[in-house]
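Working notes for the structure below.
First the proteins, then the strands, lettered A, B, ... as listed; each starts at 1. Hydrogens, waters and symmetry mates are skipped; everything else that's a heavy atom, side chains included, is used.
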Amino acid sequence: MLMKVECRMLGWGLLMSTALLLTDCRRADEVDPQDENELITTVRLNFTEQGTTTVNTFEFRDPDGEGGNAPTRFDQIKLKPNTAYNLTVELLDESKTPVVDLTEEIDEKADEHLMVYTATPASLLTYTYGDKDSRNFPIGLTGTAQTGTAGMGKLKVQLRHQPPVNGTAVKNGTAAPGSDDVNLDFELIVE
Amino acid sequence: MAIYRNRYKSVIVLKVVTFCLLLLAPVPVAWAQKEACDCFVKGVVRDKHTGQPIPGATIAVLGENKGVSTDINGRYQIERLCPGQYELECRIIGYQPYTETIDLVAGHEENFTLAEDEIHLKDVEITAHRTDAPLSQPISTLTGSDLAQTRGQSLAESLKGITGVTTLQTGSNIAKPVIHGLHSNRVLIMNNGVRQEGQQWGSEHAPEIDPFVATRVTVVKGAAGVRFGSDAIGGVILVEPEELPIGKALSGELNTVGYSNGRQGVVSGTLQGGVKGVEELGWRAQGTFKRGGNIHTPNYFLDNTGSRERNFSVAAGYRKKGFGAEVFYSHFDTQLGIFSGAHIGSVTDLLQVIKNREPLVKSGFSYTIARPYQDVAHNLVKGEAHYHFADGHRIQWVSAWQHNERSEYDLHRPRNDSLAGLNRPELTFRLTTFTNDIVWDHKPIANKMAGQVGISTLYQYNLMNGRPLIPNFDQLNVGAFLIERLVQNGWEWEAGIRYDYRYLTTYRLVNRVTQRDEFRFSSASGTLGVTRSISEKLSTRLNVGTAWRAPNVSELFSAGVHHGAASYEEGDPTLRPEQAINTVASVVYDNDKFNWEIGAYHNYIARYIYLKPQPEPILTVRGAFPYFRYTQTDATFTGIDASLGWKLTDRWSLKSKGSYLRVYDQKNDQYLVMIPPNRWDNQLSFNIGEVGRWQKLFVSAGNLWVGEQRRVPANSDFAPPPPAYSLWNLTAGGTLFITQKQQVEVGVTVHNLLDTAYRDYLNRFRYYADEMGRNISLRLKWKFGA
């Protein structure tokens with residue numbers, strides 16, 4: 001499928017290109033299934049109130065990736081005030097069959113990834129990292145979220161991709177290096 | 001649509017034989033020469049390939065108001081000339097004018113006696129380049145020492161010195177030529193007579209051509225669709241190698257160029273000659289190697305901006321009597337590192353970089369090319385054959401095959417280790433193109449009218465792998481044209497007409513099912529031009545030409561985030577072809593002290609395709625991106641190119657070039673984005689001349705001023721256009737004659753002498769980093785043989 005024989009060498013010696021028209025091996029109408037690289041189509045936030053097993057799940061979902069159809073789901077995050085939650089995040093590629101769970105891959109490459117949670121106003125929610133990579137920097141796949149007093153605002157969820165530059169690790173625990181793989185402003189309601 | 005021939009590089013030899021006939025008179029010879037204005041010049045104009053005479057050429061003696069045309073046998077004769085020095089000008093329809101100084105001083109009377117036919121005989125060889133460029137359009141040619149000074153640079157960079165030509169850059173090592181504000185699919189490049197077919201639509205896709213192949217690079221400014229086919233809306237760039245050395249001795253040259261910035265080195269060599277015992281054969285082999293590392297701005301290095309290029313070409317030709325045939329193969333291969341600081345994931349990332357004013361990652365020097373990078377290979381095989389009929393007709397056939405393979409590697413490898421281990425490009429395009437062109441030049445009618453009729457076909461298919469960007473497609477183009485040129489009483493008229501048809505089929509996956517779409521585009525083009533020589537110093541030209549361009553597949557189907565630009569771009573399958581009507585008027589004046597040229601143009605492009613900002617952003621997993629859709633409007637490109645050469649004294653001279661351009665979206669009543677700002681370029685030279693075995697020694701200092709682009713639509717950009725900048729440069733050069741047949745040309749240039757930190761509006765990475773800082777280059781060209 002990937003390495004189809006391409007008859008580029010045919011041009012050699014066959015300058016009479018009318019003849020060449022008839023000898024083309026690969027045709028444009030055989031479209032390659034696109035892109036085996038992963039796509040993040042779904043970001044799922046699981047808030048579990050501490051001391052309970054009640055899981056509140058909020059999701060962003062754009063199954064065909066960027067463009068095409070608009071995202072099918074972009075939930076409002078509704079949380080109780082002054083409550084501690086365990087927060088885990090799942091990142092999925094639902095454009096593939098079967099669905100690819102990218103959370104594991106990010107965990108394996110924890111040295112170059114960082115989840116960042118930023119609430120505005122900041123008083124709505126405080127996030128504390130619950131995991132660490134091999135260099136003792138946070139990852140953010142699990143952690144705790146402590147809500148403040150009731151109010152409305154946004155929760156920005158970012159996945160910073162911070163791969164090494166020229167072989168030197170750049171991840172330093174802050175959001176600055178690298179670029180966004182996820183950058184979503186969830187609506188946040190604490191009531 | 002391809003109509004091309006490499007005919008513009010064919011050469012004629014104007015063999016001039018001057019006779020100074022002394023009257024048979026019983027007076028001493030020494031007296032006779034003073035009063036006898038009975039010298040005459042005569043000769044034959046011939047085509048170098050074939051030895052066929054060329055009728056209808058105009059031979060004028062400048063300043064003498066004397067001129068004749070060659071007869072049906074290519075012969076001419078100008079009589080009643082006094083002894084002295086003259087400028088002889090030869091003009092032939094379809095050729096660029098050529099002048100040659102001839103000496104009719106009869107200083108050798110002792111050499112002949114009255115009995116010996118009373119003649120003074122001298123051979124002057126004139127070679128003139130035939131051109132397919134419209135004669136009534138402004139043309140600039142880089143050749144000889146002007147071209148030599150640009151050696152080592154990319155094709156687009158080397159054309160920057162031409163008035164009205166700028167570059168569109170992506171960082172410091174990817175440059176595309178811009179003619180009168182138009183670029184990419186609106187500028188056509190003819191590489192050795194073959195229409196260059198790469199992925200021109202991409203603003204970060206530089207032309208896949210090694211400039212060392214060429215000895216002449218000509219820029220035709222303005223729409224030239226009739227001769228060259230679709231896409232020639234902004235202009236045409238003709239990249240022409242030297243004529244093959246049929247039957248000549250071995251010769252060659254070796255060029256080496258070193259640049260301090262990026263510690264770049266370039267080596268290029270050419271070897272050429274004939275074949276002993278077979279007078280009809282000639283060959284050439286050429287190769288270039290280029291390697292550069294990270295570029296330094298005045299304050300920091302740009303990470304991952306190295307480049308590597310390996311190119312070669314071989315050619316062989318055969319000529320006998322009226323018949324000629326040639327084969328040419330060239331291979332171009334480059335790896336271009338892309339500044340890693342320009343990778344952004346979201347609009348937030350971009351705004352952060354703009355706010356910081358400088359990149360977060362500032363690396364040191366390295367030659368390593370890491371991700372992100374481009375790996376591009378271009379192969380061209382060309383065959384050409386022509387035949388001159390004895391009665392003056394000529395027919396030519398050019399057939400070419402091109403294969404362009406472009407792989408783009410993103411900064412991030414797949415997270416999945418087994419996929420990452422494959423280190424595959426995230427994007428691969430394979431474009432294969434076959435072109436065929438047949439052109440018939442009819443014999444001049446009444447010695448006044450020459451012309452040609454041609455038909456060209458192109459078949460092309462594109463295969464994509466990786467991230468969906470453009471669909472697979474195949475397309476067939478057919479075009480036919482007729483151009484006639486008439487020369488009469490100082491007026492040269494030119495008129496032409498063309499019709500093109502394109503059948504495009506695209507194949508893309510929609511919900512995992514291949515969808516096939518068909519498009520049919522067609523258009524007529526025309527040209528009408530006139531050149532008037534008012535005096536030998538002053539001439540004017542006027543040309544009205546049209547050209548068309550079918551929407552390309554990216555304009556029809558692209559859908560996705562454009563990462564460098566942090567925007568979501570979407571195509572529109574209902575787009576119609578663009579149609580340009582370009583009017584160019586120019587005046588050229590040339591005397592001993594001054595030469596100037598001023599040209600004004602107005603290019604009206606109906607259904608101009610551009611990215612129109614949409615009110616609602618597109619939401620993605622990486623946040624909201626500004627949403628742009630390919631849309632059509634009517635645009636006008638109006639500008640002036642002016643240049644002045646002034647010989648202040650024998651040694652001092654000044655060159656000044658300026659260009660002004662105003663582009664307007666007539667439908668929406670606003671300016672358009674990414675238009676080159678006005679610029680003014682000045683160069684003061686001091687000519688040292690000869691010192692010992694050195695010749696043509698000179699020193700020059702120059703300044704380039706580029707204005708701030710103020711004509712931009714409101715709220716259309718993440719950052720305002722950068723302010724105006726002014727750059728100084730210094731150049732010195734000369735030629736060292738080792739022997740008569742061996743010479744070394746040396747040049748030293750300091751670009752950006754004051755290490756000025758600046759940004760250019762037409763660099764797509766202007767958000768991320770400054771332009772290149774000071775750069776000192778040393779060029780050596782060793783030439784041997786003929």
Side-chain angles (χ1 to χ4, degrees), chain A residues 2 6 8 10-18 20-21 24 26-43 60 62 64-68 70-71 74 100 102 105-106 108-109 113 156 158-161 163 165-167 170 176-185, chain B residues 303 327 340 343-346 348-349 360-361 363 366 368 370 379 381-383 399-401 403 405 411-417 419 426 430 432 434-436 459 461-468 471-474 505 507-509 512 514 516 559-561 568 570 618-623 625:
Chain A
L2 282 163
E6 219 200 317
R8 73 172 94 156
L10 277 171
W12 289 95
L14 286 170
L15 277 165
M16 306 306 111
S17 53
T18 38
L20 265 170
L21 286 179
D24 177 26
R26 238 198 88 174
R27 286 163 46 201
D29 59 5
E30 295 167 16
V31 184
D32 257 328
Q34 308 277 2
D35 201 15
E36 272 104 69
N37 288 346
E38 71 275 345
L39 203 62
I40 301 173
T41 62
T42 307
V43 176
F60 170 89
D62 188 7
D64 64 345
E66 64 195 25
F74 198 4
V100 181
L102 298 165
E105 284 175 12
I106 288 166
E108 279 166 27
K109 290 244 167 31
H113 288 101
K156 185 186 273 297
Q158 282 169 282
L159 170 60
R160 301 289 295 165
H161 194 178
V165 175
N166 301 323
V170 296
S179 58
D180 282 333
D181 274 356
V182 171
N183 183 327
L184 290 170
D185 286 320
Chain B
D303 178 55
V327 286
S340 60
H343 180 91
I344 50 149
S346 66
T348 325
D349 286 350
L360 184 78
V361 177
S363 67
S366 167
T368 311
N379 288 292
V381 183
K382 173 195 150 185
S399 186
W401 169 88
H403 180 82
E405 179 159 350
L411 176 63
H412 301 312
R413 288 172 190 235
R415 283 189 194 82
N416 182 307
D417 276 331
L419 279 178
E426 274 62 38
R430 290 187 197 85
T432 310
F434 305 99
T435 48
N436 267 292
Y459 173 75
Y461 62 94
N462 184 54
L463 306 172
M464 280 285 308
N465 277 105
R467 182 151 42 84
N472 280 1
F473 66 84
D474 52 40
T505 315
Y507 309 89
R508 63 206 164 99
L509 289 181
R512 296 182 188 147
T514 303
R516 186 170 180 273
V561 172
Y568 182 87
E570 190 173 76
I618 288 274
L619 182 66
T620 77
V621 75
R622 280 172 295 149
F625 284 90

Please tell me if the side chains of [X] and [Y] come closer than 4.5 Å, counting only heavy atoms from C-beta onward.
| X | Y | value |
| --- | --- | --- |
| A:V31 | B:R516 | no |
| A:Q158 | B:S346 | no |
| B:T514 | A:D29 | no |
| B:V621 | A:T41 | no |

Separation between CG of A:D62 and CG of B:L619, rounded to the nearest 0.5 Å:
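Answer rounded to 0.5 Å: 7.5 Å.
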
**OP:** State the NZ-NE2 distance between A:K109 and B:H412, to the nearest 0.5 angstrom.
**Re:**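 Rounded to the nearest 0.5 Å, the NZ-NE2 separation comes to 12.5 Å.
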
| query | A:N183 side chain to B:G345 main-chain N or O, any donor-acceptor pair under 3.5 Å? | reply |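 Looks like no, no N/O pair under 3.5 Å.
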
So which part of A:V43 gets closer than 4.5 Å to some heavy atom of chain B, the side chain, the backbone, both or neither?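 Contact with chain B: side chain only.
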
(request) Name the member of B:D303, B:I618, B:T368, B:L411 that forms the most heavy-atom pairs with chain A at distances under 4.5 Å. (result)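 Ranked by heavy-atom pairs under 4.5 Å with chain A, first place is B:D303.
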
Any idea which heavy atoms bring [X] and [Y] closest together, and the distance?
| X | Y | answer |
| --- | --- | --- |
| B:D349 | A:R160 | OD1-NH1, 2.7 Å |
| B:R622 | A:D181 | CG-O, 2.9 Å |
| B:T620 | A:E66 | CG2-CB, 3.6 Å |

Item to check | Portion of B:N462 that has a non-hydrogen atom of chain A nearer than 4.5 angstrom | outcome: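 It is the backbone, since no side chain atom gets that close.
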
What part of B:Y568 is in contact with chain A, defined as an atom under 4.5 angstrom from a non-hydrogen atom: side chain, backbone, both or neither?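 Contact with chain A is through the side chain of B:Y568 alone.
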
Check: Do you know which of A:G65, A:A176, A:P71 has the most heavy-atom pairs with chain B at a distance under 4.5 angstrom?
Finding: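 Heavy-atom pair counts peak at A:P71.
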
